[in-house]
Structure formats: C-alpha cells, structure tokens
Amino acid sequence: MRTIARAVPPRPVLIAAVALTTAAGSLLLSPRTAGADPRPATREGSAPDRRAARAPAAAARRALTATVPRADPHLGYPRRQVLSPDPANPADTSLKLGLTPYDALAPRLNSLQRLGDRVSVEVAGVSAGGHRLYLVTVTAPETAAQATDQERMRELIENAPATAAKSPEIKAGYKTPVLFDNNIHGDEREGTDASLDLISQLATSNDAQTKDLLAHSRLYFNLTANPDGRIAGTRANANGFDLNRDLITASQPETRAIRALTIDKQPAVLLDLHGYVNGTLIEPTTPPHGENYEYDLFLKNTYANALGMESAVNGLGYTPGRDGVSPAQIPFRDQAEGWDDWPPVFTPQYAAFQGAVAAHTVEIPLQVNNAAYDTFPTTELRRRAAINVAVAGAAMRATLNFVRSHRTSLIADQIEMFRRGATGAEQVPVSARTVPGVPGIGPEDVYTTEFPRAYTIGADTAGARLVAHLLANDVRVLRAANGSYVVDMHQPKRGLANALLADGRDISDKVTAMYDISAWSLGRLWGATVEAVTTLPGTPLATITAPSPAARVAPHGDLRLRLTDPAEFAALNSLLRQGIPVRRAADGSAIMPESARVKATEAAGEYDVAFDAAPLTGTTTTTTALHPVRVAAAVTAGELFALREMGFDVTPVSTDILNAGFDWSKADVLFVSAGLDHGDLTPAARTALGTFLATGHGLVGRGVTGAALGSAAGLLTATPVEGDEEANGVVRVVNSGPVTLGAPAYGFVYAPVWFTGLGPGVRVEQSYATGNPLVAGHWRALDDGSGGPAAAAGRPSVVSGPHAVLFGTEPLFRDHPKGELPQVGRALFTMAHTYDGTRAMAHASSGSVEESK
C-alpha cells in the first residue's frame, strides 16, 4: 500500500458529479461500516523509518552480486521449465490467510504448464533471500521464427518508431505485451493468487474472446515480486528494502528483475497489485504528475482502463453493509492531492518510461496485514483475503478486455511516445482538447519540462558507474573522442534519461504534501560530473554498450587512492582485510607502499577505481596508519546496505540487542540513526556503551536519534533542530571540513536536521547553502513558520568533534545518493581511529561516561 497520513478531499469541481453516481453519496465521504478498513484512501507518511535494521549480511552479498538472467527473445512459446520443489514451510505467513504459500508455487506452476501449450514458466532471477522469481507467460503458441518476428517488431517500435507507425505488419501481427506485477510488498499477497486463477482459466478456455486475446497478446505475470516478504509477512525483502521505492536506484535483485522485464517485454499495459484501500483504489493519480512523461498518452489510456476496472470491481456486488467493501475510486477523478505519480520509484511510474501507456497501482480493499493479521480471527482474515482475490481478478480481467478492444491504439500510442523522444518533439500538455473523455483536467494537471539537447558525463569511477546504470535502464549513451560520455536526448526513452539526470523541480508550492520522495537527481547525487548542454559536442561520438573501465594503477612508487567514491572505500576495506599496510593522508586519501601494487591492481579491476602515484611532498605526507573498521550500526535498512556496499564489516545493533548484552569487543566505532534510545537502555547496557565510548571509540550519528546519543554520552555539544518531517529533496550545501572533503556541493534530506548551540571544539563540516538551499523536492515551513528551508539556510548540516560526527542530511538514504556515501566512510574511519589514551585514563579514574558528567 502507498499512503500519506492525512485524508484529502475530492477535486472540488467533481464533488457533485461523484455524489450523483453513488447511492451512498461521495465515494470518499460515505461512512465506513463494521468490517471495512477504516483508513482513508491516502498514502503512508513520509516520516523516516526509525527502526534499526537487522538484515543478514548474506542478503546484502546476494543483492550486490546478483545478475538477472535474460531469456533468448527468439525462443518460441511455450518455454517449458520443470521447477524443482521447495521444502514445505509451515511457517509461511500466507497459510493463515488461506493463500498460496511460496513452497506451493513451483508444483502449481508445473501443473499449469501441463494444461496445454499456452503457459510458459521461467526463472527471472533470485531474491535477496535466495528465493526464485517466477515469470509466467501466457500466449498462443509461437514457433522460433514467429518469436523472432515479434522481437524484430518490438525493436522496430522502440528504435525506429516512425517506420513502425507505418508498418502494416505491426498493426496486424504484433502481440500487445501486458505485465501483471504481483506481491512487490510481501504482505500484500492476493494478486499472486488472483494471477494463478487467471492463468489457469486462460490455459484452458476455448471461447472466442480468449483465443483472440492470446493470438494478439503476450501476457506476462511476475508472480511474486517479493517472495522473501511473502513468506515472512513483511512489506520489505530480506534486506529490509521496500522494493516499490527502489526502481530508480535498483539496488535489489528483485527490482533489477522488474527493470529487466519492463525493458525486455516492453509492456504497453501494466498492473501492479497492492493493498489495502477501501474502496479499491485504481490509478491514474492526483497531481503533481511526473514532468518527464508523455502524459497526454498516458492519461488517455490509464483513465480509460481505470473506468473498466472500476465497473468490473463494483460489478462483483460487494456492499459496505454486507461485506465491508466500499465502491472503487479513481484518485485522478476523486481526490485533489495525496496520491501523486511524481517520482518514478514505483513500478507503474517507472514502466511509463519504458513504454507502458497504461500503468496502474491497484489497491485492493480489505486489510489483512499488520495489526489485522495479528488480531482478527482466521475466519475473518480468510473471508477478506477471498474478497481481495476476487477484486484483484476482476481488475485483471477488465484490463484484458481493455487490451483486446484497444490493441491497435495502445501500440500506436506506445510508438508515438518513442517517436517524440527520438525526434525531440515537444510534449503535449494535457487538456480537455488533447485528452478528450477524461473529466476534470485543469491547470493543476499540466506538468511538462524543457529537455536539454544532451548531457555530458565525466570519465572517472563515478561517471562509469552512472553510465553503467543508465545503460542498464536502456538509456543510450555515447562516448566522445576525449573520453567523456554524452547522453543525446533525442532518443526513444528521453523521459527516463531526463528523470534520472535532471536536477528536478522545487514543487513545494504545488501541493501541501507529497507521498514519497520528491527529488532523486543522479546528476547531483551520484558523484559524477554531469552537465546539461544545448548542443551536441563537435567531436566524433561512438555508441557504447558499456562504460570504459576507470581502473588504473600508477606504474611506479607508492600509491594513492582517493576516497571520494563508495567503490574506493570498498577497495580500501578489501585491502585492509588482506593485511595491506595503508595510511591515511592529511587530504583524506589512502596511501599504500609500492609493494602493494599487485593487490592494488586486483582491487582496481574488481572495484573499477584508480590508484595514482602518491606525491612525494604536500598534503599526503602526514599520515596515520589505518586498520580494518568494524561498525556497530543502529541504522535503517538502506543505511545498513550502503555500509556493506562500501565494504565495512557491520554488526547490526539496537536498544534490545544492547539490553540483551552486546560484546563491544566486536566493534571499533558506533553508527546510530535509528532504533537505539539511550534512555531505554538498562543500567548495564548503558554502562557498557559508556565504557566503549569512553575508551576512545567514536560515534557517527545521523538525525535527532544520533544527536541525542551524542549528547547523552557527552561526546559533542550541539542541538539538533528538526525541520518539517515530511520534507525531502536535493539541497545545496557548503563543505568546510575534512569529513566532507571532496564531497559534492549537493546533499539529500528527508526530515532535514540542522544544528545550533555548538559547544567548544565542535567543527562545522558542512552547512546548508544560504538563501533557499532547496534545489528540488518538497520542503515547506510548518504552520507556525518554522522548519522550512529558510530556517535551515546557512546552518550547520554536518558537525564533528574529537569523538563524534553528526549528520543532519541523509547521505545513505535507501543506498541512493552514491556521491554522498563517502562522507560517512570518512567519518567512520575518523571515529574508529580516535584513541589517544586520554579518554581511557579519564574513564579509568571516573568509572563511566555517566559518572564523569
């Protein structure tokens, strides 16, 4: 489910119209009955996750190394694969709901393949928890030659849209691709069971409509996008990631599998099955709308399909009084704000950049997760789950009816989307004239942008990583003669290219609140040098399929590794674990002797980093010996994953873990941002923590939680001031200290924090820029005028003392802002090497930090 914490009204101009269509009155204002989910049809709050993550290191390793298998597109259908069974798991949380447990999927899919020649099953990847991801394809049989023809037409649609628009072969014979994405939130399961029922029906039905549908369509089912969560009953996967927030970063294997499906299959229509909003919520969304879409094409088809789904869901006959099920709702029509499609971190919004001209989140009605799962009788949970399966099935069947009756126009609109990108055509603003048949379009729905002619990207480790990411998203990249990269914005998927690389927009004045993040710029946050340009470079440009390696090792002398990129920290940590002697220079770089060249060469190749020759004089001559850093971390899931991406040895901790008795000899430094409250520690745990900190081990903290611990432990005097908790975005910063040396002049905030009341010896490492520090995003002052960007302007955002570093920004947020990660790496190394004997002697004489205060 996607919600914010407040209800929002219908569009004012539509209240009367909606009331006339519903016997019970307004769809949103009708009373809830017993048994119905009482929550409003709004999204979940943007407040940060304050729970400490405990994901196993093995899940992170799988995510960091997993590759997505890509099937040969020229193979015919069916593509049968006999799946080996999984061990029976009586602890699978689906069982309580009467739904299909994960271990039953493989046998069920084997049976479905045996029903005829329409069903194919492939393994599309492996989850972070090690479970198979199943892709089911349902279509009329195809020979290898016919499959090759389909792939040729698919490529023509994307790569030569002007030709494709005139092709009678495509109009007559191209099969419309449709993708059903299920269970991306692990505790929203019913889409999987509805898909199994639908697949079974399609496999055996011989009516004319089914035969016509399968002759002219390929139906793809991502059966469970999050098997880890399905089994455990959690929203997140085994790494603690909400996968429906990860489509831009694609840090997780499940998300990369979805990305591959949307690229390879190029669906014209996508449904993403979720829960729970009563009545069933069917996108399109409220403003603000993503400014990089061809939104006229998208709204036209998404709204039309939503009407069909609404009719089918309401046609099931469920009522509020008898069943606890309210009528379906369409946010675009029925709400003013609160359910936007601004960030492409969600599956439907991402798919819109890959060719989907109708893409929907569908929120089925009756809650069976969270508190309901734990408190409702099993009979009631199963009643609700059965209704949800029926609702999901009705939405899916209505979509298939829409696809069958609109096949030609859907493909034509997909071709037009790619044509506009390839030719650099202007976007078409939505209006009653450009999107006839969609009621209530107003100026609040018009979001367009000016695309630059191109972007240039520098050729270094960060640039290579960014280019690899763009190519993985099917964005075309060129290489200039000088080695730099060029993204020509005259390309079919220019919308996605711009969504990834542009700064974004400050939309604080557009709506009162946003659902999730409002800015995510890879151009500002990934550490690469990215510039928008008005003309293509005059030098020759060559198409590439992979970035050129940035790895190099100086041929002579001692070696220097700059520590301004997460890959460089991963290389450093690898070398330290191998016993390579490394010293930290005054400029923050890592220096190693010439004798380490063999190991450095191996690390350069593995992590794609550069080892330069260490200068004989200057800022690198004053050095401190480094040792491997072991981090005790009470942090969010995204932060834990980012620390492991940088190669740190991390042990998750929390208030409960410390109270149970934690062996502090396993740690060199403590990182705290979530889930550790000094006041909730037992006396024994508080004493143990105090001893650890008093004997020279430092603290890295983020946000108010980290700052509170620093204050309670007497490590640093600084008062955190928390801005609007729902604010987020890309901000301008000014770097002024060794921790932020070499960091970008931009940061990311999510519930931004700044510091006042700095005590003696506290250094300002970074500050928010003066004026309005917000570059892009949504950050408004609170009702009393406080907490806005003006209040933060010029204030310290990162501060440090001899034994603590505190961050008010979000440098590790969801493992996304890659260019910000090294700030935390520097802080951890600094705080892990703070011991000078002074604090140890003070501790020995006083007993503990608490006693010495």
Side-chain angles (χ1 to χ4, degrees), residues 48-55 627-637 639-640 643 648-720 739 753 755 759 761-762 799-808 812 824 827-853:
D49 185 352
R50 292 190 167 91
R51 296 168 297 178
R54 298 184 62 181
H627 58 71
V629 173
R630 301 167 302 166
V631 184
V635 294
T636 65
E639 291 172 326
L640 178 60
L643 292 174
F648 286 102
D649 179 2
V650 187
T651 301
V653 297
S654 64
T655 300
D656 291 342
I657 289 173
L658 298 193
N659 284 341
F662 179 70
D663 182 2
W664 283 105
S665 68
K666 296 178 179 179
D668 302 301
V669 63
L670 174 64
F671 184 18
V672 173
S673 69
L676 203 166
D677 188 328
H678 190 268
D680 288 342
L681 294 175
T682 64
R686 198 174 302 150
T687 297
L689 172 60
T691 299
F692 174 78
L693 296 173
T695 52
H697 301 284
L699 167 73
V700 177
R702 182 192 56 78
V704 293
T705 300
L709 181 60
S711 177
L715 299 178
L716 184 149
T717 301
T719 301
V739 167
V753 170
F755 299 98
V762 177
V799 296
S800 69
H803 297 280
V805 178
L806 302 180
F807 288 87
L812 307 184
V824 175
L828 290 171
F829 267 97
T830 301
M831 291 297 103
H833 294 77
T834 58
Y835 178 78
D836 61 8
T838 304
R839 288 173 62 83
M841 288 186 290
H843 173 78
S845 62
S846 64
S848 74
V849 170
E850 290 295 305
E851 295 170 2
S852 66
K853 288 169 60 178

So, [X] side chain and [Y] main chain: donor-acceptor pair closer than 3.5 Å or not?
X: His803; Y: Gly714; value: no
X: Thr655; Y: Asp677; value: yes
X: Asn659; Y: Asp680; value: yes
X: Ser711; Y: Ala707; value: no
X: Ser673; Y: Gly706; value: no

For residues [X] and [Y], report the shortest heavy-atom separation together with the two atoms involved.
X: Phe755; Y: Gly808; answer: CE1-N, 3.7 Å
X: Leu643; Y: Ala633; answer: CD1-CB, 4.1 Å
X: Ala667; Y: Phe692; answer: O-CE1, 3.4 Å
X: Ala52; Y: Ala634; answer: CB-CA, 4.3 Å
X: Thr636; Y: Ala53; answer: C-CB, 3.5 Å

Does the side chain of Val669 come within less than 4.5 Å of Phe648's, by heavy atoms? no
Test item: Asp649 and Pro628 side chains (from C-beta on) under 4.5 Å apart, heavy atoms: no
To the nearest 0.5 angstrom, please state how far the CG atom of Leu709 sits from the CG atom of Leu715. 7.0 Å
Rounding to 0.5 Å, atoms CD1 (Ile657) and CG (Leu676) come to a distance of 9.0 Å
Return each pair, listed once, that meets salt bridge (charged side-chain N to carboxylate O under 4.0 Å, His left out) where at least one residue sits in residues 654-670; pairs must be two or more places apart or across chains. Arg630-Asp668
Which residue in the set Val631, Val739, Val650 passes side chain to side chain contact (heavy atoms under 4.5 Å, CB included) when paired with Leu828? Val631
Arg51: partners by salt bridge (Lys or Arg N to Asp or Glu O under 4.0 Å), with sequence neighbours left out: Asp49
For Ser800, enumerate each residue passing the side chain to side chain contact (heavy atoms under 4.5 Å, CB included) test, keeping only those at least two apart in sequence or located in another chain. Arg763, Glu765, Val805
Decide yes or no on side chain to side chain contact (heavy atoms under 4.5 Å, CB included) for Phe807 and Leu812, but give the supporting numbers first. CA-CA 11 Å; Phe807 288 87; Leu812 307 184; over 6 Å; no
Residues Leu699, Leu716; criterion side chain to side chain contact (heavy atoms under 4.5 Å, CB included); working and verdict: CA-CA 10 Å; Leu699 167 73; Leu716 184 149; over 6 Å; no
Could you go step by step and tell me if Val629 and His833 meet the side chain to side chain contact (heavy atoms under 4.5 Å, CB included) rule? CA-CA 9 Å; Val629 173; His833 294 77; 3.9 Å; yes
Stepwise side chain to side chain contact (heavy atoms under 4.5 Å, CB included) check, Leu689 with Trp664: CA-CA 8 Å; Leu689 172 60; Trp664 283 105; 3.7 Å; yes
